[in-house]
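One structure below.
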Amino acid sequence: MSELLGGWKRTNYCANFTTADAGKQVTLMGWANVRRDLGALVFVQLRDRTGLMQIVFNSNTLSAEDFARACTIRSEFVLAVRGELVLRTGDMVNKNMETGKLEVLVSEFKILSESETTPFEISDNCKANELLRLKYRYLDLRRPAMQKNIVMRHKIAFVAREYFNDQNFIEIETPILTKSTPEGARDYLVPSRVHPGKFYALPQSPQLFKQLLMLSGYDRYFQIARCFRDEDLRADRQPDFTQIDLEMSFVEEEDVLAVNEGFLQKLFQETLDVDIQLPLPRLKYEEAMARYGSDKPDTRFGMELTDLTSIFAKSEFSVFQNAIAAGGSIRAVNAKGASSSFSRKELDALGEFVKTYRAKGLIWMNDKAEGLASPILKFLSEDEIAAVRKAASFEQGDVLFIVADVDKTVFASLGALRLKLADKLGLIPEDKFNLVWVTQFPLLEWNEEEQRYSAMHHPFTSPMDEDLEKLDTDPGSVRAKAYDIVLNGVEIGGGSIRIHSQQLQQKMFRALGFTDEQAQYRFGFLMDAFRYGPPPHGGLAYGLDRLAMIISGCTSIRDVIAFPKVQNASCPMTGAPDYVDDKQLLELNIACTNTEE
RNA sequence: GGCCCGGUAGUACAGUUGGUUAGUACGCCAGCCUGUCACGCUGGAGGUCAGGGGUUCGAGUCCCCUCCGGGUCGCCA
């Protein structure tokens with residue numbers, strides 16, 4: 001039977017005690033973590049969000065009735081206990097528990113709630129699979145590790161509010177029900193009851209609103225904003241996720257970076273007590289690609305790419321010839337000292353791995369003690385080998401991996417291979433937090449499917465001043481005032497200086513292949529607004545989930561989101577998304593053309 | 001949409017070449033125990049081997065399909 005609180009007040013959390021508190025009368029409330037029944041003596045670990053405290057029910061000091069009641073306590077029963085905090089001495093001390101030198105000798109208690117046996121053990125030792133954990137997420141969230149993650153996430157959000165407030169930013173909310181933006185990710189749509197056939201869209205980001213706020217004079221804005229994208233999930237992607245979003249007026253790129261470096265320094269100081277040295281290192285996009293094969297390089301280890309294109313310019317090997325003829329390149333990563341780390345089978349598996357990234361194959365050169373081994377040895381001249389050795393510091397004991405293809409494929413495959421090799425060879429230091437800015441992104445990206453350029457960042461990103469004139473003549477080579485902040489190989493944020501000139505914005509829309517009418521239809525309200533004095537502005541948005549993931553040492557953002565969704569974008573706990581009553585659909589003027597069984 | 005990995009008591013796993021009644025640990029239930037702390041001891045209950053179809057004298061095991069989960073490519077301005 002559930003008992004009522006009956007006026008009892010908690011005096012303390014379970015784990016907020018020191019031995020100096022011994023002798024105090026306390027009232028604790030929490031969940032029974034573990035019960036050890038010795039017959040005439042029952043030990044229970046009481047758990048709340050601070051930790052554990054052992055409580056003792058003694059048949060000598062309790063009435064027979066109360067003791068019998070204590071014997072009914074099971075895991076996850078909710079208890080309120082009153083008693084004396086007593087010091088444990090000698091063998092009674094539990095050295096594995098933070099509060100192991102103390103326990104509460106219970107004089108009075110209430111069983112506030114009983115509990116059925118949980119589907120899995122509420123403990124960090126719990127090995128239950130993630131689907132089960134997510135179905136019973138409310139139980140999973142009781143586990144100390146999850147509580148730690150959720151509290152850390154709170155701390156990050158709190159530091160952000162504190163820092164940006166101190167920097168004179170104003171937190172402003174923007175709408176969740178808004179207008180569909182056809183560029184970019186797929187929108188989640190919400191039907192309108194009062195406007196049959198019309199739909200709201202959930203925001204992919206507060207981008208347009210924050211730019212309008214700059215025009216409205218709010219100068220420095222931030223928001224911890226929920227965003228929605230109807231795209232496939234990943235370990236680091238959820239359909240609804242949270243950004244720490246900010247925008248500033250009367251600034252240039254350097255100003256945005258500076259204020260954010262201050263934030264990151266404070267954040268790492270206050271969450272992990274880690275010193276971040278400023279200014280943060282920067283890499284131009286082009287350099288990041290050339291050195292790491294990625295626009296989000298993990299700089300915690302070396303193994304940088306080497307360009308071998310010129311060495312093989314006259315090679316007779318057809319794979320190399322073809323790559324060069326296609327305007328591509330031949331590049332390599334060198335796994336130093338890994339000569340004996342790979343079996344033939346593993347080398348073949350790496351070949352399959354790079355095919356994931358559209359590479360046609362992976363060429364390896366293994367410089368073993370007994371001599372150089374490579375499937376393409378017969379195509380290589382002495383001079384070429386010597387030049388490769390020099391260029392890639394390729395020495396005895398190393399394995400060199402080469403991909404020859406168009407640049408996009410070379411970078412994608414070697415960038416991924418570099419990470420995979422480093423992981424296998426144990427080259428990635430776990431305790432390092434390497435932040436790096438990647439700057440000067442291309443403004444545009446050729447979209448094969450639609451046979452037109454699309455914005456790499458978004459259509460409001462400003463081109464770099466020195467590339468402006470190329471917008472008409474050579475759009476693909478125009479660089480943008482866009483920047484990403486990368487932490488240990490994860491893009492944790494990105495932003496840009498925006499276009500604040502109507503004329504330039506129109507030019508940009510044309511470069512994207514929009515007619516003026518299309519631009520007006522899609523972004524008319526922004527275009528209209530920009531007739532009324534938009535200030536120069538720019539900003540940045542962090543992925544709060546990813547930031548929390550890395551700071552908490554997790555490998556999936558699901559571990560730092562209280563109620564995440566699984567890969568098919570459903571929620572195992574609530575069952576969302578789900579069918580609705582015909583009546584609801586009728587009211588919304590919606591008919592479904594295709595439904596699952 | 002593609003590729004890879006996985007699904008066996010409540011949980012985590014084992015299950016040989018296809019062969020008797022599908023095991024182990026933890027958890028759970030009952031009994032005993034006054035210093036346990038991974039408590040201990042005794043006994044017990046608990047299985048749609050993800051679902052469907054096929055091969056076979058015989059399928060947890062082999063084949064096909066479906067569902068579900070994870071990773072990833074595409075996708076994610």
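For B:C13, the paired nucleotide is B:G23, the pair qualifying as Watson-Crick or G-U wobble because both relevant distances are below 3.5 Å. Nucleotide B:G58 is matched to nothing when pairs are restricted to Watson-Crick or G-U wobble geometry with both distances under 3.5 angstrom. Across every strand in view, B:G74 sits unpaired, with no contact that passes the Watson-Crick or G-U test at under 3.5 angstrom.
When the nucleotides B:G69, B:G35, B:C75 are ranked by their closest atom to the side chain of A:R237, B:C75 comes out on top.
Side chains of A:Q204 and A:D187: a donor on one and an acceptor on the other come within 3.5 Å. Side-chain atoms of A:R498 and A:S496 form a donor-acceptor pair, as typed in the model, at a separation below 3.5 Å. A:S477 and A:D474 share a side-chain donor-acceptor pair at under 3.5 Å.
Per the geometry, CZ belonging to A:R358 stands 15 Å off P belonging to B:G2, to the nearest Å. Atom pair A:E445:CD and B:C75:C1' shows a separation of 12 Å (rounding to whole Å applied). B:C75 atom P lies 6 Å from atom NZ of A:K408, rounded to whole Å. Remark: P of B:C68 and NZ of A:K565 are 17 Å apart, rounded to the nearest angstrom. At whole-Å resolution of the value, CG in A:L131 and P in B:C67 are 16 Å apart. If you take CD of A:Q567 and P of B:C75, they are 17 Å apart, rounded to a whole angstrom. Atom pair A:N60:CG and B:U34:P shows a separation of 10 Å (rounding to whole Å applied). Atom pair A:D232:CG and B:G2:C1' shows a separation of 11 Å (rounding to whole Å applied).
Here, B:C13 and B:C32 have their C1' atoms 31 Å apart, quoted to the whole Å. Separation of the P atoms belonging to B:G6 and B:C63 is 12 Å when rounded to the nearest angstrom. Spacing of C1' atoms, B:C62 relative to B:U17, comes out at 12 Å, to the nearest Å. For the C1' atoms, the distance from B:C49 to B:G18 is 15 Å, rounded to whole Å. Of the P atoms belonging to B:U11 and B:G54, the separation is 30 Å, rounded to the nearest Å. For B:A9 and B:U21, the C1' atoms lie 16 Å apart once the distance is rounded to whole Å. Taking atom C1' in both B:G47 and B:G7, the straight-line distance is 15 Å, to the nearest Å. Spacing of C1' atoms, B:G69 relative to B:G31, comes out at 41 Å, to the nearest Å.
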Atom pairs under 3.5 Å: protein N/O with N/O of nucleotides 8-13 of chain B:
{"residue": "B:G10", "atom": "O2'", "partner": "A:P119", "partner atom": "O", "Å": "2.9"}
{"residue": "B:A12", "atom": "OP1", "partner": "A:N129", "partner atom": "N", "Å": "2.7"}

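Atom CD1 of residue A:I497 and atom CE of residue A:M464 lie 12.0 Å apart, to the nearest 0.5 angstrom.
The pair A:D559-A:R133 meets the salt-bridge criterion, since a charged nitrogen lies less than 4.0 angstrom from a carboxylate oxygen.
Remark: the A:R186 side chain and the B:G74 base include no donor-acceptor N/O pair separated by less than 3.5 Å. A donor and an acceptor atom never sit less than 3.5 Å apart when one is taken from the side chain of A:R35 and the other from the base of B:C37. Between the base of B:C75 and the side chain of A:R229 there is no donor-acceptor pair shorter than 3.5 Å. You'll find a donor-acceptor pair under 3.5 Å spanning the side chain of A:E103 and the base of B:G35, going by distance alone.
A:S556 comes within contact range of no nucleotide atom at all, as no heavy-atom separation falls under 4.0 Å. Note on A:T461: nothing from the nucleic acid sits closer than 4.0 angstrom, heavy atoms only.
Contact annotation: A:R36 reaches the phosphate of B:C39 (side-chain N/O to OP1 or OP2, under 4.0 Å). Checking the phosphate oxygens (OP1, OP2) of B:C29, a side-chain nitrogen or oxygen of A:R74 falls inside 4.0 Å. In this structure, A:N96 does not reach the B:C37 phosphate: none of its side-chain N or O atoms is under 4.0 Å from OP1 or OP2.
Ring geometry for A:F509 against A:F523 counts as parallel: the plane angle stays under 30°, on a 0 to 90° scale with 60° as the upper cut.
In this structure, A:R69 forms a cation-pi arrangement with A:F109, its terminal cationic atom sitting closer than 6.0 Å to the ring centre and no more than 45° off the ring axis. A cation-pi arrangement is present between A:K420 and A:F353 under the rule of less than 6.0 angstrom and at most 45 degrees off the ring axis. With A:F460 as the aromatic partner, A:K481 does not meet the cation-pi criteria of under 6.0 angstrom to the ring centre and within 45 degrees of the ring axis.
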